[in-house]
*Asks:* 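Pasting a structure below so you can have a look.
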Amino acid sequence: MGGWVNEGVKPVTGYIPGWNRNHEFETPAEIKQNITQIDGKGDVGIFLNYKTKENEEILVRSGVSLVDMAGARNNLKQELADPFGWDFEKVVDNARSVWDEYLGRIAIETDDYLQKKKFYTNLYRALAAKATWSDADGRFVDEDERIRQLEKPDDCIVSGEYWNTFWNNQQLFNLITPEISSQWARSAIQLYQNSGWFNTDPAGIEHTGVMVAMHPISQILGAWQSGIRDFDLNIAYDGLKKMMTTPPQKYEAVELLVLRI
């Protein structure tokens with residue numbers, strides 16, 4: 001369950017249709033005309049059509065939440081409307097400033113422009129893979145479809161991407177963005193404390209059976225060994241030990257495969 005909300009768009013001529021198609025087929029596919037918000041479960045999207053005059057600009061602000069419509073409206077307000085208003089260039093400048101700071105944490109020396117371009121392009125891609133699954137107010141929907149509240153304002157639920165990131169991506173985060181590694185570890189521990197199980201790859205905060213073993217181990221332990229220690233390692237150890245020693249079983253909310261190696 002979640003929501004999308006649009007703010008302030010007044011089409012010159014045209015329409016704002018949307019669709020809500022559910023993979024579980026609980027409801028039929030539906031096209032809605034002239035809408036300002038969409039909420040529900042399953043696939044959802046919008047498409048816009050405008051007939052504009054020469055040099056006319058259409059500005060759109062939208063908010064998304066995995067919790068509810070109020071969350072979508074608040075995310076829009078906190079993350080876009082309040083800090084930037086309708087100033088598109090201000091949004092662009094902020095994004096450029098944030099990425100300049102991240103990419104500037106590593107300086108390479110070379111006269112080869114192409115090698116420099118490749119390096120920073122791939123550094124950007126490595127860092128951009130992370131996504132936040134909680135709302136600006138700290139609420140999120142856990143694996144049991146219950147609305148939860150994070151206690152610390154700096155915490156967030158971080159997308160997993162554990163599989164294959166143990167080769168070098170986790171180490172990269174530990175070295176140049178330790179604050180994200182910290183959130184990554186705390187997020188995994190938070191989800192474990194909620195459901196009693198660590199997640200192999202919490203896509204959309206759902207239990208998944210992606211690959212084998214428990215690669216959150218390398219992320220959490222690697223962060224700890226890198227001096228990132230603002231999380232409870234004992235809780236993490238107990239949970240990960242449980243994951244590695246518990247035979248496969250049915251999970252109460254979804255089917256969970258616990259692999260033992």
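Just so it is clear, the structure is predicted and the values come from calculations on it, not from any experiment.
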*Asks:* Which heavy atom of Leu150 sits nearest to which heavy atom of Cys156, and what is that distance?
*Replies:* CD1-CA, 3.5 Å

*Asks:* Do Leu221 and Trp167 share a hydrophobic cluster, counting only Ile, Leu, Val, Met, Phe, Trp and Tyr and linking them when any side-chain heavy atoms are less than 4.5 Å apart?
*Replies:* no

*Asks:* Assess whether side-chain contact (heavy atoms from CB on, under 4.5 Å) is satisfied between Ile106 and Phe119, documenting all intermediate values.
*Replies:* CA-CA 10 Å; Ile106 297 181; Phe119 176 84; 3.6 Å; yes

*Asks:* Examine distances only and state if a side-chain atom of Asp135 and a backbone atom of Asp137 form a donor-acceptor pair shorter than 3.5 Å.
*Replies:* no

*Asks:* Please confirm whether the backbone N or O of Val67 pairs with a side-chain atom of Ser65, one donor and one acceptor, at under 3.5 Å?
*Replies:* yes

*Asks:* Check the pair Lys90, Asn94 against side-chain contact (heavy atoms from CB on, under 4.5 Å), reporting the backbone distance first and the verdict last.
*Replies:* CA-CA 6 Å; Lys90 195 173 181 180; Asn94 178 73; 6.0 Å; no

*Asks:* ring-ring contact (aromatic ring centres under 6.0 Å, His included) between Phe140 and Trp133: does it pass, once the steps are laid out?
*Replies:* CA-CA 7 Å; Phe140 65 97; Trp133 291 107; over 10 Å; no

*Asks:* Between Asn75 (side chain only) and Gly71 (backbone N and O only), is there a donor and an acceptor less than 3.5 Å apart?
*Replies:* yes

*Asks:* For Ala188 and Ile220, which heavy atoms make the closest approach, and how far apart are they?
*Replies:* CB-CD1, 4.4 Å

*Asks:* Quick one: CZ on Phe166 to CD on Glu161, what's the gap to the nearest 0.5 Å?
*Replies:* 14.0 Å

*Asks:* Grab the two heavy atoms, one from Ser159 and one from Ala129, that are nearest each other, plus how far apart they are.
*Replies:* OG-O, 4.0 Å

*Asks:* Quick one: do the Gln190 and Asn194 side chains pair a donor with an acceptor below 3.5 Å?
*Replies:* yes

*Asks:* Find out whether the Lys NZ or Arg CZ of Lys242 is both under 6.0 angstrom from the six-membered ring centre of Tyr192 and within 45° of the ring's axis.
*Replies:* no

*Asks:* With a 4.0 Å cut-off on N to O distance, would you call Lys152 and Asp154 a salt bridge?
*Replies:* no

*Asks:* Could you point out which residue of Arg186, Arg148, Arg139 forms a salt bridge (charged side-chain N to carboxylate O under 4.0 Å, His left out) with Asp155?
*Replies:* Arg186

*Asks:* State plainly whether the residues Arg96 and Asp93 are in salt-bridge range, i.e. N to O under 4.0 Å.
*Replies:* yes

*Asks:* When Leu127 is tested against each of Thr177, Asn169, Ile180, Asn122 for side chain to side chain contact (heavy atoms under 4.5 Å, CB included), which residue passes?
*Replies:* Thr177

*Asks:* I'd like to know if the side chain of Tyr124 and the backbone of Tyr102 have a donor-acceptor N/O pair within less than 3.5 Å.
*Replies:* no

*Asks:* When the ring planes of Trp224 and Phe231 are compared, do they come out parallel, tilted or perpendicular, using 30° and 60° as the limits?
*Replies:* perpendicular

